[in-house]
*Asks:* 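Just dropping this structure here.
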Amino acid sequence: MLTGDGLQARVRGGHRLAAWPRPLTIAVLGGVLFLSAFIALMVGTLGPIGPGEPEEISFSEAIDAIFTKAEYHWVFWNVRIPRVILAGLVGAALACSGTAMQAVFRNSMADPFVIGVSSGAAIGASVASLLGLSVAIGLFAPPMLAFVSAILAAFAVYMLGSVRGKVYVDSLLLSGVAVASFLGAMVSFMIYVASQQFHQLVFWLLGSLTLASWDIVEVLFFPIVAGAVVVFLYGRDLDALLLGEETAHNLGANPESLKKLMLFVAALMAAAAVAFVGVIGFVGLIIPHICRLIVGSNHRTLVPAATLSGAVFLIWADALARTVVAPTEMPVGIITAICGGPFFLYLLRRSSSGRGV
Amino acid sequence: MRMDIRNLSFSYGSSKVLGNVTFSVRDGEFVGIMGPNGSGKTTLLRCMTRYLPADGGSIMVDARPLADMSPREVARVFAVVPQSSATDFPFKVEDIVMMGRIPHISSRLAGRAKKDSEAVHRAMERTNTLQFSDRPFTALSGGERQRVIIARALAQEPKVLLLDEPTVYLDVSGQFEVMDLIKRLNKEQSMTIIAVLHDINMAARYCDSIALLNQGRLEAYGPPNEVLTADAIQSVYGMDVSVRRDPFTHAVYVMRRPSSTSGRRHGTRVHVLCGGGTGGPLMRLLLDGGYSVSTGVLNVLDSDFENASDLRIPVLAEAPFAQISEGMHAENLRLVDESSVVVVAPFPVGPGNFRNLEAVEHALRSGKKVFLLAPPQGETIDFIGGKADEYIKRLISSGAIPVKDAQEMLDMISRQER
Ligand SMILES: Nc1ncnc2c1ncn2[C@@H]1O[C@H](COP(=O)(O)OP(=O)(O)O)[C@@H](O)[C@H]1O
Ligand SMILES: [Mg+2]
């Protein structure tokens, strides 16, 4: 997800920085998040657990179902609500992780997956489905394996891209590409072998929130919120890092440990999110990028703004995934790619043609 | 604040970049670090800020070892203005300056305090950058950016301001703008300044002391007029220069001599008769054109005498204000005989140097090519009661060739060569 410097320069040129004060920006985004989550609760089909046709319910029926012991009360509380929360958490994790990665790489085309997290998770998920671990051990076994292999892949990229404990972002980038393509080939091979579990695996690879549950929300909630807080607390250091490692040092930040900490936290957040819901692309790239264009690069504003916007974006993407082909649903990763790709191109064109005006 | 650097050394792997650098900086001093490219100037600054770990030696700030300080403490001692500060990321100018407060904000949870905003405001006021506070940093010109970066350094409220070639990417007015700003900070805020400077004359003009680096070693340290000698510059930069004093500021300034290896020497000797500064540009042009040049007879205090010495041209000279003696005149005639061309600058003619015109007559009689440069005002400056112009007319009628300027003269000499 990296392109030449000229392209970046065009993306970054010619914009205006928002004049809103930070608390207002964050309050507005928080409001939008709650509203989005509420609307997303209402849309889509609801079916009985088990056999039977899913059906559309009206807005007032939905309200009833949430707040009273009406017909769909249980489904709402155990399927719909955790799913919306999970969508928000995953979107937040990916966007926050992407923001941190972009700062570490000093490149607004970096995303959470540049250091091999997604391909590492994919290997874990493939092995798990090849061995049928969800049946043999339990429902949480595949995501755990995906998480562990994602972290291992990130660690491998880190080791390959650093020299004597020093992180060189350029070599990190290259080793990320190398490791990702190697693991990608292995995943392809496993898909080829595992024709039995093919459908399940492909669904994971495309990214999907169908398996959402309170259990998953419980597992993910703390690490993702903690990760976002850590990135926010190091916001000023990240600002300095964007001006170069020497400047960061001269401003009293420690660029080496800062880079390591941020890579660690960002990889952890992305790996945790991806392990459960599969590879959801574009969120971690476009959300930080768009937020940067709107609120500027000051991380004390950017990190909360991107985190909240990521949550909002994925909640809407998932709501779409649940409704466009109702009564069935699409993998949300396809929605993010379909929305994200063209929108990103539109941004590119707009900001490059708007330059110098 | 007093800083003592003792035996500072640094190597990149096995290649030694700094060796035993030792010097002290007084409070409020303006120190220039000079030296050719690759001599270790940037490395020296980076060792001071501990961005690079020194192999050996020590830096004491007010008798306290820098090595004992935390990174944030170091960032409160030194603020750095790097050579260039390019970022493609959208930051408001005010955000950039606010970054200078990072080493002062004690808690990650804390927002900016009132004193941070005040320090930023003061820094922007002093650097005259308040007016673009809300503009994107990327939208500023080079000089404006450099001022913003200096503002950030000031917001850091450092004890020492370090600058690495702060003017290198700026145009001439930008260079003076930035240097004057630094000098003002030095004078008015008594901010200690250590600046890597490229331009020798700029350094001589602004600095209290100069540290001259050569291949990682400190060649000399002291006031500009002691450090910037022609010999030192010759040995460090391998450049042939003459060092003079600015008559107004008394700062030393350095002029490059045309290198004797430049251009082909074709052996044609040209003898120049000049005086009062009329011969300086002429002799330089001739040297650049590859001619061997001699001149005479001049007085020792004459500016053409200085010009000739700077250019390392053989010169005949009398004591200050003395008339051309018989012996010196004979020498002059000998130089005329040895050369193939004689050039006469429109020098002021007086009783003291009248004999130079007789030397022209001698040249004409012995069949030399003689060129007479037209005086800028149309008339020769004459201290001998109008006889000079008459004399010159007679020279022209006996074959001296009048030319309107040095270029025409050069053209005619080279045409005659072929
Ligand atoms: N990262 C590096 N690795 C190896 N050698 C370096 C590095 N940076 C600079 N050098 C070498 O160190 C010497 C001094 O460099 P520097 O301090 O940048 O010189 P200056 O600033 O005086 O031009 C040069 O010979 C240069 O080649
Ligand atoms: Mg340098």
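Every value quoted in this text rests on a predicted model; they were computed, and no experiment measured them. Chain naming here is simple, since letters A, B, ... match the order of the sequence lines and numbering starts at 1 in each.
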*Asks:* Hey, can you pull the donor-acceptor pairs under 3.5 Å for the side chains in residues 98-105 of chain B, sequence neighbours left out?
*Replies:*
unit_1, atom_1, unit_2, atom_2, d
Arg101(B), NE, Asp116(B), OD1, 2.8
Arg101(B), NH1, Ala155(B), O, 2.8
Arg101(B), NH1, Glu157(B), OE1, 3.3
Arg101(B), NH2, Asp116(B), OD1, 3.1
His104(B), NE2, Gln156(B), O, 2.7

*Asks:* Checking heavy atoms, do the side chain of Ile96(B), its backbone, both or neither come under 4.5 Å from chain A?
*Replies:*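 Side chain of Ile96(B) only, per the 4.5 Å heavy-atom cut-off to chain A.
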*Asks:* Which atoms form the tightest heavy-atom contact between Ser107(B) and Arg236(A), and what is the distance?
*Replies:*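 It is O-NH2, 3.4 Å.
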*Asks:* Identify the residues of residues 238-257 of chain A whose heavy atoms come closer than 4.5 Å to a heavy atom of chain B, ordered by number, or report 'none'.
*Replies:*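 So far as heavy atoms go, Asp239(A), Ala240(A), Leu242(A), Leu243(A), Glu245(A), Glu246(A), Thr247(A), His249(A), Asn250(A), Leu251(A), Gly252(A) are the residues that approach chain B to under 4.5 Å.
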*Asks:* Please classify the contact of Arg300(A) with chain B as side chain, backbone, both or neither, using a heavy-atom distance under 4.5 Å.
*Replies:*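 Only the side chain of Arg300(A) comes within 4.5 Å of chain B.
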*Asks:* Taking the cut-offs as 6.0 angstrom to the six-membered ring centre and 45 degrees off its axis, would you call Arg108(B) and Tyr234(A) a cation-pi pair?
*Replies:*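 Yes - Arg108(B) lies over the ring of Tyr234(A), closer than 6.0 Å to its centre and within 45° of its axis.
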*Asks:* Are more than 12 heavy atoms from other residues, nucleotides or ligands located less than 6.0 Å from atom CZ of Arg22(A)?
*Replies:*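 More than 12 heavy atoms, drawn from other residues, nucleotides or ligands, come within 6.0 Å of this atom.
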*Asks:* Do you know which two heavy atoms are closest between Ser297(A) and Phe89(B), and how far apart they sit?
*Replies:*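 Heavy-atom minimum between the residues: OG-CB, 3.7 Å.
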*Asks:* Look at atom CZ of Phe23(B) and say whether more than 12 heavy atoms of other residues, nucleotides or ligands are closer to it than 6.0 Å.
*Replies:*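 Result for CZ/Phe23(B): enclosed.
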*Asks:* At a heavy-atom separation under 4.5 Å, does Ser70(B) approach chain A through its side chain, its backbone, both, or neither?
*Replies:*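 Neither; nothing under 4.5 Å.
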*Asks:* With a 4.5 angstrom heavy-atom cut-off, could you sort out which part of Tyr51(B) is near chain A: side chain, backbone, both or neither?
*Replies:*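 The answer is both parts of Tyr51(B).
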*Asks:* Chain A heavy atoms under 4.5 Å from Arg76(B): which part of the residue, side chain, backbone, both or neither?
*Replies:*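 It is neither, since no heavy atom gets under 4.5 Å.
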